[in-house]
There are 2 protein chains.
Amino acid sequence: MGRWEPNAQSRLRQAAMDLYAERGFDQTTVAEIAERAGLTERTFFRHFADKREVLFAGSERLQALLLKSVAESPLLSEAAAGPAALAAVAAAFEVAAADYFPPVEYSRQRQRVIDANPPLQEREVAKMDRISAALAGILRERGVGDLAAALAAEAGTGAFKVAFTRWVADPADGSLLGHVREAIAELRTLLPATA
Amino acid sequence: MGRWEPNAQSRLRQAAMDLYAERGFDQTTVAEIAERAGLTERTFFRHFADKREVLFAGSERLQALLLKSVAESPLLSEAAAGPAALAAVAAAFEVAAADYFPPVEYSRQRQRVIDANPPLQEREVAKMDRISAALAGILRERGVGDLAAALAAEAGTGAFKVAFTRWVADPADGSLLGHVREAIAELRTLLPATA
DNA sequence: GCTCGCCATGTCAGTCGCTGTCATCGCTCC
DNA sequence: GGAGCGATGACAGCGACTGACATGGCGAGC
């Protein structure tokens with residue numbers, strides 16, 4: 001694959017994670033990352049669009065998994081499109097929570113790096129926003145109205161964000177799936193009494 | 001205020017908006033913005049943290065207004081903290097929608113610039129995320145549980161994002177307040193049937 | 001087994017966002 | 001009208017990112 005050793009991309013990712021964790025994102029230059037990976041700065045930018053993106057490479061796979069779940073969801077055949085839409089999004093995130101995410105320890109270290117740096121937080125919420133937009137698009141394709149689709153996607157994504165945050169902060173080491181289910185359940189309690 | 005003409009900050013903002021709209025964000029350098037405003041590049045960065053921030057200067061005021069609404073909300077005295085929390089957030093956004101935002105034409109132009117440039121979209125969602133986090137903090141201070149506070153803030157903010165998007169895209173020139181109310185009402189229909 | 005061509009990487013030069021530092025200017029207060 | 005102060009200018013420099021071209025490895029085809 002590479003001119004020398006293989007796996008250039010994952011070597012770059014590993015080097016970046018290590019350096020970001022050791023000395024912080026700002027105090028790490030792309031040249032240093034490349035050097036540790038045995039490559040050049042120019043090659044780094046051939047594998048990652050920018051210095052932040054190296055931490056968010058898995059995002060497309062997560063998005064694809066969520067879209068597939070919703071695209072194939074049996075919940076969306078009904079007339080009650082709105083509630084079914086949210087249920088389908090919630091189910092998709094439950095699948096992802098069970099299958100997709102790395103061990104909590106890795107996620108914790110990654111999150112420490114992100115939490116210490118505003119530009120990285122910006123990228124993270126941007127990724128979630130794109131996921132939300134993509135989910136809304138799929139819901140529309142499956143016949144959900146524009147407004148309901150956008151809201152179901154936003155609410156589901158928001159619940160997942162909350163669940164993920166609580167998971168990495170959880171000292172009791174609960175499962176991500178547990179946190180997601182808890183957040184979805186709590187979300188449902190937010191509505192009825194105020195209608 | 002300035003060494004020469006007054007209103008340096010708003011001149012910079014105006015110059016930036018004009019240039020971004022005319023030739024695009026990427027094709028505009030900070031030096032060009034400063035020149036059009038009759039200032040230097042260095043002065044631009046004394047007024048705005050970075051090249052994007054010039055489009056998001058009003059965000060702190062919006063956040064302050066929302067926090068004030070929720071802090072003073074009479075809805076949060078009840079036992080049913082969850083539903084009351086969402087209601088308080090929704091009410092805050094309705095107040096903001098009625099009072100705070102500029103005419104739709106200005107918002108439309110601004111949104112065209114943002115929609116044409118991913119880094120600007122990133123900043124925009126980051127601002128909304130910070131607002132959501134701040135709202136969750138206030139809700140916690142007022143006695144709402146951690147999970148319910150975070151979810152009410154996320155859901156309310158998400159509904160507002162959807163409403164705002166539909167407002168600037170609305171060919172019928174509906175009011176922002178109308179869109180916000182519609183989104184909140186639709187959000188409430190997403191839950192019951194699937195509990 | 002040799003050559004050709006593709007693709008990943010290296011090299012180099014350049015632009016621009018952004019920052020620190022110090023000088024300078026205008027205004028205000030006394 | 002001098003002193004102090006806050007905003008601006010001038011300058012130097014770092015680092016992220018890009019475009020253009022050179023170079024090396026590796027497989028396909030002969």
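As the structure is a computational prediction, the values presented were derived from the model and not from experiment. First the proteins, then the strands, lettered A, B, ... as listed; each starts at 1. Note that these values count all heavy atoms, side chains included, but never hydrogens, waters or copies made by symmetry.
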Worksheet item: Looking at A:H47, does any N or O in its side chain come under 4.0 Å of the phosphate oxygens OP1/OP2 on C:dT9?
Response: yes

Discussion item. Tell me the interatomic distance from A:R123, atom CZ, to D:dA16, atom C1', rounded to whole angstroms.
Written reply: 13 Å

Fill in: Nucleotide nearest A:R46 when distance is taken to its side chain, options D:dA20, C:dC18, C:dC22
D:dA20

Worksheet entry | Listed nucleotide nearest any side-chain atom of A:F45, set D:dA10, D:dT18, C:dC18 | D:dT18

Practice prompt. Could you work out which one of C:dC18, C:dG10, D:dG9 sits closest to the side chain of B:T40?
Written response: D:dG9

Discussion item. Evaluate B:F101 against B:F164 for ring pair (Phe, Tyr, Trp, His ring centres under 6.0 Å), listing each step before the verdict.
Written reply: CA-CA 10 Å; B:F101 285 87; B:F164 186 87; 5.6 Å; yes

Worksheet item: Is B:F56 close to B:I114 at the side-chain level, that is, under 4.5 Å between some pair of heavy atoms?
Response: yes

Item to complete: Examine D:dG9: is either OP1 or OP2 under 4.0 Å from a nitrogen or oxygen in the side chain of B:T43? Give yes or no.
Response: yes

Practice prompt. Measure from the side chain of B:E41, starting at C-beta and using heavy atoms only, and say which of D:dT8, C:dG17, D:dC17 lies closest.
Written response: C:dG17

Worksheet item: For A:R23 and A:E32, what are the C-alpha separation, side-chain angles and deciding distance, and is it a salt bridge (charged side-chain N to carboxylate O under 4.0 Å, His left out)?
Response: CA-CA 12 Å; A:R23 72 175 77 158; A:E32 289 167 342; 2.9 Å; yes

Item to complete: Quickly work out the B:F44 CZ to D:dA10 C1' distance and round it to whole Å.
Response: 19 Å

Worksheet entry | B:E53 CD - C:dT19 P separation (whole Å) | 12 Å

Discussion item. I need the CD1-C1' distance between B:I33 and C:dG17, as an integer number of Å.
Written reply: 11 Å

Discussion item. Within the 3.5 Å criterion, strictly below it, is a donor on A:D18 or A:Q14 matched to an acceptor on the partner's side chain?
Written reply: yes

Discussion item. Rounding to an integer number of Å, can you tell me how far B:D50 CG sits from D:dC17 P?
Written reply: 13 Å

Worksheet item: Can you tell me how far CG of A:L62 sits from CG of A:L67, rounded to the nearest 0.5 angstrom?
Response: 9.0 Å

Item to complete: Could you check how far NZ of A:K51 sits from P of C:dC18, rounded to whole Å?
Response: 13 Å

Item to complete: Test for a donor-acceptor pair under 3.5 Å between the base of C:dG20 and the side chain of B:R42, counting only N and O atoms.
Response: yes

Worksheet item: Could you give the CG-to-C1' distance, from A:L39 to C:dC7, as a whole number of Å?
Response: 15 Å

Fill in: Euclidean distance, atom CG of residue B:D26 to atom C1' of C:dT15 [Å, nearest integer]
13 Å

